[in-house]
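Bear in mind that the values here come from a model prediction, so they are computed numbers and not experimental data.
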Amino acid sequence: MRDVLCLPLNEKEELVLAADCSGGIGLKEDDVVRVPYDIVGYYGARVALMELMSVGATPKAMVMQNFVEDEAWNELVRGVKQAMNELQLSLPMTGSTESNMPLKQSAVGWTAIGTVEKEKKRIGVTPPSARWAVIGEPLVGEAVLEKNDRVLSLSLFRSLLQFDGVYEMIPIGSKGILHEWKLVHGDRPLQCSLPLTASAGPATCVLISYEGEKEEELRALTSSLFYPIVNKL
């Protein structure tokens, strides 16, 4: 039900993989969104790392598949390293570039690799009494840059990971808030002031479950990015 693959390593640990990709975003003539490749690298790595870390995994390495061109590699890596720095990570990185066939549009893929102790995996650990909220707003394309103050920052994401009272965090992607909600709750209806089916692009927001008694403290931490969900039983 989550955008990660967990494979057993031993009795106590699992290998965790999370991936993201982008297409039509870059500096090629036919790209839909025109941005430098360090920004492409940053937001792609951001998603893969958020998916990995949100389930309690510790990142160990990053893999990048570059379908742009050789010249874009260093800029893409610069963006990936920026995301790592904001998450206080220093990871080994490898990858490959398609240098035989030129493409008309930019395309890049990322895979984050990590490990998690089975007892600390944050999947399906939310108690029935928990409350739910969305932190950040669903944004995609140029809106991500134009409304950057409404995007969940990686520093805030990291703070939420460490917040005592948050049970689970689920990054929202291109299918929107409602899609992620249904993966957890099925057809149980919900109410939120945000658009429920809008794409959140590079995980510009997350769905969280949390202890109700910690809501005031949580609101203080997240400020205007806190959007409560009314769970209609």
Side-chain angles (χ1 to χ4, degrees), residues 2-7 9 14-55 57-116 138-146 148 151-154 157 171-176 179-180 198-205:
R2 297 289 294 272
D3 293 332
V4 294
L5 176 64
C6 298
L7 301 170
L9 279 177
E14 293 180 343
L15 180 70
V16 186
L17 297 97
D20 190 51
C21 64
S22 75
I25 304 174
L27 296 175
K28 287 182 176 287
E29 185 176 350
D30 291 336
D31 282 337
V32 179
V33 179
R34 300 293 295 269
V35 295
Y37 288 113
D38 61 328
I39 294 179
V40 177
Y42 171 80
Y43 280 104
R46 164 195 168 94
V47 175
L49 289 169
M50 286 176 66
E51 291 284 2
L52 195 76
M53 297 174 72
S54 68
V55 300
T58 300
K60 299 294 186 180
M62 175 69 73
V63 181
M64 182 169 68
Q65 305 295 337
N66 168 29
F67 295 92
V68 183
E69 57 191 6
D70 281 325
E71 289 74 12
W73 179 264
N74 288 338
E75 287 298 301
L76 288 166
V77 170
R78 182 181 301 177
V80 172
K81 288 186 175 180
Q82 180 185 343
M84 290 182 188
N85 289 337
E86 292 181 12
L87 290 168
Q88 299 185 8
L89 299 172
S90 179
L91 305 176
M93 183 174 176
T94 189
S96 180
T97 296
E98 172 55 80
S99 56
N100 294 308
M101 302 296 175
L103 303 182
K104 292 184 177 181
Q105 288 182 302
S106 301
V108 191
W110 301 265
T111 301
I113 302 170
T115 58
V116 66
L139 299 167
V140 69
E142 294 179 354
V144 176
L145 303 178
E146 294 170 353
N148 188 255
V151 174
L152 170 69
S153 68
L154 289 180
F157 170 77
I172 307 299
S174 60
K175 295 180 181 179
H179 172 77
E180 301 295 345
S199 171
T204 58
C205 58

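- With rounding to the nearest 0.5 angstrom, the OG1 atom of T115 is 11.0 Å from the CG atom of L17.
- Counting only heavy atoms from C-beta outward, the side chains of M50 and D20 never approach each other to under 4.5 Å.
- In this structure, CD in Q82 is found 5.0 Å from CD in E86, a value given to the nearest 0.5 Å.
- Residue pairs meeting the salt bridge (charged side-chain N to carboxylate O under 4.0 Å, His left out) criterion with at least one member in residues 27-53, sequence neighbours excluded, do not occur.
- Taking every heavy atom of both residues into account, V55 and V116 meet most closely at O-CG2, 4.0 Å.
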Pair L49-L91, side chain to side chain contact (heavy atoms under 4.5 Å, CB included): steps then yes or no: CA-CA 11 Å; L49 289 169; L91 305 176; 4.0 Å; yes
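- A donor-acceptor contact shorter than 3.5 Å is absent between the side chain of Y37 and the backbone of G26.
- Minimum interatomic distance between M101 and E98 (heavy atoms only, all atoms of both residues): N-OE2, 3.0 Å.
- For the residue pair A200 and I172, the shortest heavy atom distance occurs at CB-O, 3.3 Å.
- The shortest heavy-atom contact between L152 and F157 is CD1-N, 4.0 Å.
- Between L52 and A18, the shortest heavy-atom contact is N-CB, 3.9 Å.
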E146 vs L139, side chain to side chain contact (heavy atoms under 4.5 Å, CB included): CA-CA, chis, key distance, verdict: CA-CA 10 Å; E146 294 170 353; L139 299 167; over 6 Å; no
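- In terms of heavy atoms, M53 sits closest to P59 at CG-CG, 3.6 Å.
- Atom OG in S96 sits 7.5 Å away from atom CZ in F67 (nearest 0.5 Å).
- Side-chain atoms of V47 and D3, non-hydrogen and from C-beta on, never get closer than 4.5 Å to each other.
- Taken to the nearest 0.5 Å, the CD atom of Q65 stands 12.0 Å off from the CG atom of L76.
- For the pair N66 (side chain) and E69 (backbone), a donor-acceptor distance under 3.5 Å is present.
- When side chains are defined from C-beta on, S106 does not count as touching I25, because their heavy atoms never get closer than 4.5 Å.
- Using modelled atom types, no side-chain atom of S199 and backbone atom of V140 make a donor-acceptor pair closer than 3.5 Å.
- Annotation: side chain of E142 is not in contact with side chain of V35 (no heavy-atom distance under 4.5 Å).
- A distance of 6.0 Å separates CE in M84 from CE in M93, rounded to the nearest 0.5 Å.
- In this structure, the separation between OH on Y42 and CG on L154 is 4.0 Å, given to the nearest 0.5 Å.
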